Amino acid sequence: MNKAKRKAVIAGNWKMNKTAAESAALIDALIPAVQGAGCDVVICTPFTSLVTAVEKCAGTNIGVGAENVHFEKSGAYTGEISADMLVDLGVKYVIVGHSERRQYFAETDETVNKRTKAALAAGLTVIVCVGESLTQREQGVTEELVRLQTKIALGGVSAGEMARVIIAYEPVWAIGTGRTATAEQAQEVCAAIRKVVGELYGADVAEATTIQYGGSMNAGNADELLQKPDVDGGLIGGASLKPADFAAIVAAAGK
Ligand code: PEP
């Protein structure tokens with residue numbers, strides 16, 4: 001596989017952290033820290049910080065994303081945000097199917113698929129999260145499960161739209177736990193995901209698709225993970241709130 005054929009992308013997932021004012025301060029610190037990065041840099045903020053983030057990041061190398069999106073265009077969905085609303089703000093990316101949404105907000109493979117299609121139709125780039133729980137890993141079903149999650153998430157997505165799909169392999173047991181997958185485990189599953197993408201869309205699309213690893217990636221372990229041939233970047237939670245750590249991960253991805 002040829003890494004040169006695809007973009008390395010480091011995306012921060014801020015989760016439910018930072019008020020708008022705190023976000024502004026964090027972005028002020030991030031802008032100089034990631035200037036001139038050798039990879040694409042994205043920050044996914046709470047909805048309430050998106051306006052601030054888009055304004056602050058204009059003219060910089062930082063793209064702005066949301067952490068979720070609803071699949072309907074508009075209507076009686078109290079508390080939800082549509083893809084058009086995000087696009088209207090200048091948002092370019094959205095995370096879909098994060099394991100915390102699957103775990104706490106009844107997200108299913110089917111709704112992940114609906115959100116993915118709606119976001120793509122609106123012109124967003126989608127970071128689709130897949131990954132197994134610890135029990136599933138111990139049962140030896142990781143590859144089967146991640147293949148299935150990937151296939152369902154991408155149902156109805158065209159080969160052309162795949163240019164705006166990033167897949168994040170995020171083992172649930174590694175998210176926010178400080179327990180990282182080994183570089184070999186990350187490589188094994190990212191390669192399996194690329195294989196499914198190849199089965200669905202052919203080798204050219206598979207080679208061009210960015211596949212990230214996420215799960216306690218930090219300044220200390222990023223280098224080893226990102227050197228693996230099928231690990232094209234990272235989705236970063238905790239470390240994305242620390243400018244120096246996030247910048248170190250961005251630097252590792254740009255090597
Ligand atoms: C995440 O939220 O997607 C994530 C990977 O979190 P953390 O880096 O904190 O494990």
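Quick note: numbers below take in every heavy atom, side chains included, and nothing from hydrogens, waters or symmetry partners. Here the structure is a predicted model, which is why all the values come from computation and not from measurement.
In this structure, E67 contributes its side chain and K15 its backbone to a donor-acceptor pair below 3.5 Å. Using modelled atom types, no side-chain atom of S99 and backbone atom of R102 make a donor-acceptor pair closer than 3.5 Å. In this structure a side-chain-to-backbone donor-acceptor pair under 3.5 Å is present from T180 to S216.
Residues V157 and K117 meet the side-chain proximity criterion, which asks for heavy atoms closer than 4.5 Å.
Other members of the cluster containing L148 are I152, with ILVMFWY side chains joined at under 4.5 Å, either directly or via other members.
Of the inter-residue distances, the one linking E170 atom CD with E132 atom CD reads 11.0 Å to the nearest 0.5 angstrom. Rounding to the nearest 0.5 Å places SG of C39 at 8.5 Å from CG of N61. Atom CE of M85 is separated from atom OG of S74 by 7.0 Å, given to the nearest 0.5 angstrom.
Pairing each heavy atom of K3 with each of Q227, the nearest pair is NZ-C, 4.1 Å. Residue G214 comes nearest to P171 through the heavy atom pair O-CD, 3.3 Å, listed as atom of the first residue, atom of the second, then distance.
Under the salt bridge (Lys or Arg N to Asp or Glu O under 4.0 Å) criterion, no residue pair touches residues 160-169, with sequence neighbours excluded.
Taking F47 as the reference, nothing meets the ring-ring contact (aromatic ring centres under 6.0 Å, His included) condition, with sequence neighbours excluded.
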